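What you see is a predicted model; the values in this text were computed from it and never measured. Chain identifiers are assigned alphabetically (A, B, ...) following the order of the sequence lines, protein sequences preceding nucleic acid strands; residue numbering begins at 1 within each chain.
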Amino acid sequence: MREEKKIRVLVAKPGLDGHDRGAKVVARALRDAGMEVVYTGLHQTAEQVVEAAIQEDVDIIGLSILSGAHLTIFPRVCQLLRENNAEDIIVMGGGTIPDEDIEELISKGFARALFTPGATSAEIVGWIRKVTAEN
Amino acid sequence: MSAKEKKELPSQGRKAWETCVDGLPERPQKFMTVSSVPIKALYTPDDVPGLDYQRDLGYPGFYPYTRGVQPNMYRGRLWTMRQFAGFATAKESNERYKYLLSQGQTGLSVAFDMPTIMGYDSDHPRAFGEVGRVGVAIDSLEDMETLFSGIPLDKITTSMTINAPAAVLWCMYIATAEKQGIPSHKLGGTIQNDILKEYIAQKSWIFPPEPSMRLITDIFAFSGQHVPRWNTVSISGYHIREAGSTAVQELAFTLADGFAYVEAGINAGIDVDSFAPRLSFFFNAHIDFFEEIAKYRAARRIWARRMKEKYGAKDERSLLLRFHTQTAGCSLTAQQPENNIVRTAYEALAAVLGGTQSLHTNSMDEVLALPSEKAVLIALRTQQIIAEETGAIYTIDPLAGSYFVEALTDQMEAEAEKYFERIEQLGGVLPAIDQGFFQQEIADAAYRYQLEIEQKERIIVGVNDYVIEEPRQLDLLKIDPQIEEEQIKRLRVLRAKRDNAVCGSRLETLRRAAGTRENLIPYILECVRAYVTEGEVIQVLRDVFGEYKEKPIF
């Protein structure tokens with residue numbers, strides 16, 4: 001059997017809000033699904049998130065935002081990835097994000113997918129496997 | 001009938017019933033509470049064998065207060081209907097407060113934005129994109145004056161959800177009252193000021209535990225002398241529960257925090273009866289009706305017993321566990337959000353039957369955004385319907401004596417005691433935080449709950465069953481991004497027009513005091529009176545105290 005490279009994910013909590021229940025549940029579910037998960041902990045700046053992503057050589061960044069600051073944080077993370085030639089890292093996220101803002105973030109390319117309350121870990125795991133395979 | 005027959009009849013009855021029920025099929029679901037505690041099909045006197053009315057329940061307003069903290073409960077006065085609100089700017093929040101007061105709300109509850117909660121001014125780089133988003137932005141006394149403009153602070157009570165920088169916002173409130181000509185001893189209200197649950201669950205900390213606890217005991221001492229009607233800490237289980245804990249964990253960890261504050265006060269040399277009466281609590285009302293009611297009843301009994309027996313409180317008011325309740329945000333669903341009205345109504349009823357002193361009912365759209373005015377009104381009306389129409393509140397603690405509720409109350413108490421022992425073995429609350437004990441317990445419970453939903457052991461209507469195709473979301477409250485710019489502009493104007501020499505010297509005096517053991521509240525008050533900003537005060541304290549760092553676990 002060929003040994004497959006494990007998918008590496010950075011679960012990040014950018015911004016000031018402390019709601020880490022969702023981030024931790026997702027981190028654990030991804031780990032249980034066999035991925036390598038790095039969790040940044042709370043109160044990260046976009047710079048810290050991108051630095052950690054590059055340092056940890058991750059395939060994917062998951063941003064958890066429940067502070068309403070998603071429209072500034074996602075674009076900022078994407079910009080920093082570009083500046084650091086790390087655009088190949090896929091950006092996804094989750095949290096309390098209204099439908100309208102989801103459409104905006106996805107259509108402008110600031111996030112590949114956003115999972116909101118009610119999403120299951122199976123959906124998230126399935127999606128990550130699919131996009132990382134395509135990459 | 002002989003004495004022998006009399007004694008045997010109930011057990012024969014039980015046996016017959018058990019034989020009968022064993023032969024009947026049960027639905028395949030697990031019968032367990034929202035905290036995964038199994039529930040029996042039937043509770044009988046066998047489940048409360050040693051129940052002693054006087055010792056375990058007593059009368060309302062009398063030790064051990066299981067049945068309530070006032071002798072007449074809601075027949076005397078209804079609970080305070082206190083809707084948590086705050087968004088955007090002080091001016092807009094002030095308008096929302098006046099609207100709520102005009103609709104019969106009886107107390108205010110301020111939600112601050114994240115930069116204010118974390119001690120950053122609106123123009124700090126860390127505040128970028130977050131100003132006014134999840135609450136109101138307050139940078140200086142000027143904003144606080146606007147927030148309460150036209151609201152007489154001696155006529156209402158105000159609760160402020162602020163923790164790490166609580167001392168600063170509290171001083172701004174006192175100074176705002178001074179400007180209205182109201183002396184501090186006439187002020188009533190609450191600051192959340194519960195830093196322990198921040199390390200445990202809510203995660204909005206600034207300083208390390210030791211200086212944080214010192215600020216809290218400074219507040220105890222200052223309040224005792226100058227603001228005697230103020231609730232100096234609202235010891236909060238709400239956030240512990242929202243972070244995913246079970247009901248027992250919420251109960252045990254919150255009370256453990258409460259005892260830690262009591263010990264901190266006593267160790268700081270303050271008489272327990274001079275500050276304990278001003279400690280209040282804040283619990284969650286989750287969807288599991290009876291479990292929640294048992295939780296509130298157990299909480300009152302545990303608190304009273306420990307305060308009396310362990311901490312030697314003599315003043316009866318030190319024994320009273322008074323609490324605010326908020327319905328469970330984490331029980332609400334983004335799917336079919338109107339169903340949240342129903343969930344909230346059951347949760348609110350549990351809080352009221354559990355004897356709460358004040359209540360916030362969540363709005364149906366809070367899972368999606370800050371609540372719209374219409375949603376808030378329905379949430380407030382939910383409380384008014386319970387109070388005025390249901391008749392559920394006419395008699396005190398109506399579920400007392402229910403075999404089920406009493407057994408559950410006892411069970412909660414016993415389980416909480418087990419947690420107290422484990423915390424003790426870890427060296428107390430602060431060492432347990434340091435070892436990640438609470439954080440891990442909560443993360444485990446949250447993960448288990450999520451798995452139960454995904455494996456359909458637990459059904460959430462509209463989420464993993466009874467699902468429908470839905471149109472777009474409700475009309476949501478939008479925060480204009482312009483607000484951030486305007487707030488920053490106002491702050492810059494303030495910095496230009498205030499007396500910066502005075503501000504600078506008061507900050508230096510504060511810095512020096514922070515390095516001693518002096519009470520810091522008078523120094524902070526002097527700063528905010530001169531329109532020193534929140535961020536400036538916190539930065540000085542951060543320089544002296546340092547910052548807290550968490551080891552991230554999941």
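Counting heavy atoms from C-beta outward, B:Met114 and A:Leu66 have side chains that stay 4.5 Å or more apart. For the pair A:Met35 and A:Val125, the minimum side-chain heavy-atom distance is below 4.5 Å. Using a 4.5 Å heavy-atom threshold, the side chains of A:Tyr39 and A:Leu30 count as separate. Looking at A:Val11 and B:Phe554, their side chains never come closer than 4.5 Å, going by heavy atoms from C-beta outward.
Proximity to chain B (any heavy atom under 4.5 Å) is shown, for A:His70, by neither the backbone nor the side chain. With a threshold of 4.5 angstrom between heavy atoms, A:Ala119 approaches chain B through N, CA, C or O but not through any side-chain atom. Heavy-atom distances place the backbone of A:Gln44, and not its side chain, under 4.5 Å from chain B. With a 4.5 Å cut-off on non-hydrogen atoms, B:Tyr449 touches chain A through its side chain but not through its backbone. Using a 4.5 Å cut-off between heavy atoms, B:Ala443 contacts chain A through both its backbone and its side chain. At a 4.5 Å heavy-atom cutoff, the contact between B:Pro115 and chain A is made by backbone and side-chain atoms alike. Only the backbone of B:Glu242 has a heavy atom closer than 4.5 Å to any heavy atom of chain A.
With hydrogens and angles ignored, the 3.5 Å screen pairs a side-chain donor or acceptor of B:Asp121 with a backbone N or O of B:Gly535. Panel note: side chain B:Gln450, backbone A:Ala29; no donor-acceptor pair is recorded below 3.5 Å. When atom types are taken as modelled, the side chain of B:Thr333 and the backbone of B:Gln335 share a donor-acceptor pair closer than 3.5 angstrom. Checking side-chain atoms of B:Thr327 against main-chain N and O of B:Asn362 turns up a donor-acceptor pair under 3.5 Å.
Options A:Gly118, A:Gly15, A:Ser121 differ in how many heavy-atom pairs under 4.5 Å they form with chain B, and the most are formed by A:Ser121. Of the listed residues (A:Ala122, A:Gly68, A:Gly41), the greatest number of heavy-atom pairs within a distance under 4.5 Å of chain B belongs to A:Gly68. Top candidate by heavy-atom pairs under 4.5 Å with chain B, chosen from A:Arg76, A:His19, A:Arg31, is A:Arg31. Heavy-atom pairs under 4.5 Å with chain A were tallied for B:Arg126, B:Lys551, B:Met118; the largest tally goes to B:Arg126. With respect to chain A, the highest number of heavy-atom pairs below 4.5 Å among B:Glu454, B:Glu550, B:Lys549, B:Arg133 belongs to B:Glu454.
A salt bridge links A:Arg8 and A:Glu56; the closest N-O separation between the charged side-chain nitrogens and carboxylate oxygens is under 4.0 Å.
A donor atom on one side chain and an acceptor atom on the other are found under 3.5 Å apart for B:Glu452 and B:Ser36. With 3.5 Å as the limit, one finds no donor-acceptor pair spanning the side chains of A:Gln79 and A:Arg82.
Remark: B:Tyr238 pairs with B:Phe282 by the ring pair (Phe, Tyr, Trp, His ring centres under 6.0 Å) rule, at least two apart or across chains.
The interface of residues 455-464 of chain B with chain A, defined by heavy-atom distances below 4.5 Å, comprises B:Val463.
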